[in-house]
Undergrad: 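Here it is, the structure, as structure tokens.
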Amino acid sequence: MGKSASKQFADEILKVHNEYRKKHGVPPLKNSKKLNRETQQYAEALASTRILKHSTESSKGQYGENLAWASYDQPAKDVVDRWYSEIKVYNFNCPGFSSSTGHFTAVIWKSSKKMGVGKATSSDGSSFVVARYTPAGNITNKGFFEENVPPPKKSR
């Protein structure tokens, strides 16, 4: 994937994130060149091993991180739509972390300000997408989810 294609993909991922964030009344994310570089390197590392696993930076809580894998070239909107679709199982009446809603909560986490995204294709044609968020979100401490994962606003 060339430079302009990766920038276009990152811009589209950001746009779709911000459309979803707007629905929840949370501020838009801004693109981070530094995070884009880092996530691109990590996506390439994942594609070379063809193993989908979270980075050590994310495990240490340095960044929030969403990952996506598909056996085909994933369009940006499809990736974010899949992450956001976890809203179906998120319980706004009992907010908190769950592995089945972690992608969704990272997408709309109110206190995250910047994001970066990288995408790489492995030798078998499958694609790996990495998104990182800073400050890191969806931490497990009680009380943080109520503030950072508001329900969607009612449309008028």
Side-chain angles (χ1 to χ4, degrees), residues 1-24 26-92 97-110 112-140 145 148-149 151-152 155:
M1 193 162 83
K3 284 273 187 269
S4 63
S6 61
K7 181 179 179 343
Q8 186 178 352
F9 185 81
D11 289 347
E12 181 67 15
I13 287 266
L14 179 68
K15 178 178 168 261
V16 179
H17 269 76
N18 286 337
E19 288 168 359
Y20 280 128
R21 291 172 68 85
K22 187 175 184 179
K23 283 185 178 182
H24 291 263
V26 300
L29 293 168
K30 290 184 170 46
N31 228 328
S32 162
K33 286 182 181 175
K34 177 182 183 281
L35 286 178
N36 282 340
R37 270 193 313 276
E38 292 174 3
T39 55
Q40 185 59 40
Q41 288 170 344
Y42 193 60
E44 288 168 11
L46 293 176
S48 71
T49 62
R50 298 205 318 256
I51 298 170
L52 191 67
K53 68 176 185 172
H54 281 285
S55 66
T56 53
E57 293 88 352
S58 115
S59 303
K60 292 178 189 168
Q62 189 177 346
Y63 298 117
E65 187 172 75
N66 274 346
L67 304 176
W69 171 88
S71 59
Y72 53 88
D73 184 23
Q74 305 174 82
K77 184 169 175 12
D78 292 4
V79 171
V80 185
D81 287 351
R82 271 201 327 267
W83 291 336
Y84 185 83
S85 73
E86 293 175 351
I87 190 175
K88 296 186 301 265
V89 292
Y90 188 76
N91 184 348
F92 289 97
F97 181 78
S98 161
S99 58
S100 60
T101 59
H103 297 104
F104 159 69
T105 57
V107 167
I108 66 158
W109 195 261
K110 184 178 182 176
S112 290
K113 306 288 183 228
K114 294 181 180 176
M115 78 169 297
V117 69
K119 178 181 174 185
T121 305
S122 67
S123 57
D124 67 358
S126 60
S127 62
F128 291 81
V129 176
V130 178
R132 286 190 185 155
Y133 310 90
T134 184
N138 51 348
I139 41 185
T140 56
F145 280 79
N148 287 285
V149 186
S155 52

Undergrad: Go through H17 and Y133 one step at a time and tell me if the side-chain contact (heavy atoms from CB on, under 4.5 Å) criterion holds.
TA: CA-CA 11 Å; H17 269 76; Y133 310 90; 2.7 Å; yes
Undergrad: Supply the atom-to-atom distance I51 CD1 to F128 CZ, rounded to the nearest 0.5 angstrom.
TA: 8.5 Å
Undergrad: NZ of K53 to OG of S59: how many Å apart, nearest 0.5 Å?
TA: 9.0 Å
Undergrad: Are side-chain N/O atoms of T105 and T101 paired as donor and acceptor at under 3.5 Å?
TA: no
Undergrad: Run the salt bridge (charged side-chain N to carboxylate O under 4.0 Å, His left out) check on R82 and D78 step by step: do they pass?
TA: CA-CA 6 Å; R82 271 201 327 267; D78 292 4; over 6 Å; no
Undergrad: Have a look at E19 and tell me which of K22, R21, K15 forms a salt bridge (charged side-chain N to carboxylate O under 4.0 Å, His left out) with it.
TA: K15
Undergrad: Quick one: OG1 on T39 to NZ on K119, what's the gap to the nearest 0.5 Å?
TA: 13.0 Å
Undergrad: Check K34 with E38, please: is the shortest side-chain N to carboxylate O separation under 4.0 Å?
TA: yes
Undergrad: For the atom pair NZ (K88) and OG (S100), what is the distance rounded to the nearest 0.5 Å?
TA: 11.0 Å
Undergrad: Please find the pair of heavy atoms, one from S122 and one from A47, that lie closest to each other, and give the distance.
TA: CB-O, 3.1 Å
Undergrad: Report yes if some heavy atom in the side chain of Y20 is under 4.5 Å from a heavy atom in the side chain of D81; otherwise report no.
TA: yes
Undergrad: Does any non-hydrogen side-chain atom of V117 lie less than 4.5 Å from one of V130?
TA: no
Undergrad: How many angstroms lie between CZ in R50 and CG in L52, if you round to the nearest 0.5 Å?
TA: 13.0 Å
Undergrad: So does Y72 get a backbone contact from the side chain of S127, meaning a donor-acceptor N/O pair under 3.5 Å?
TA: yes
Undergrad: Indicate the atoms forming the closest heavy-atom contact of P152 with I87, along with that distance.
TA: CG-CD1, 3.9 Å
Undergrad: To check you understand the geometry: which heavy-atom pair defines the closest contact between Y90 and F145, and what is its length?
TA: OH-CD2, 3.4 Å
Undergrad: Hey, what's the ring geometry for Y84 with F104, parallel, tilted or perpendicular (30° and 60° as the breaks)?
TA: perpendicular
Undergrad: Please report the interatomic distance OG(S112) to CG(N138), rounded to the nearest 0.5 Å.
TA: 7.5 Å
Undergrad: Looking at W109, is its backbone amide N or carbonyl O close enough to the side chain of N148 to form a donor-acceptor pair, meaning the two atoms are under 3.5 Å apart?
TA: no
Undergrad: Quick check: closest heavy atoms across Q40 and G118, and the distance to 0.1 Å?
TA: OE1-CA, 3.4 Å
Undergrad: Could you check whether any side-chain N or O of Q74 sits under 3.5 Å from a backbone N or O of V79, counting only pairs where one atom can act as donor and the other as acceptor?
TA: no
Undergrad: Please report the shortest heavy-atom distance between H24 and P151, naming the atom on each side.
TA: ND1-C, 3.4 Å
Undergrad: Can a donor-acceptor pair be found, under 3.5 Å and without considering hydrogens, that links the side chain of W83 to the backbone of L67?
TA: yes
Undergrad: Between the main-chain N or O of H54 and the side-chain N or O of E65, is there a donor-acceptor pair closer than 3.5 Å?
TA: no
Undergrad: Measuring only between side-chain heavy atoms, which start at C-beta, is N36 closer than 4.5 Å to F9?
TA: no
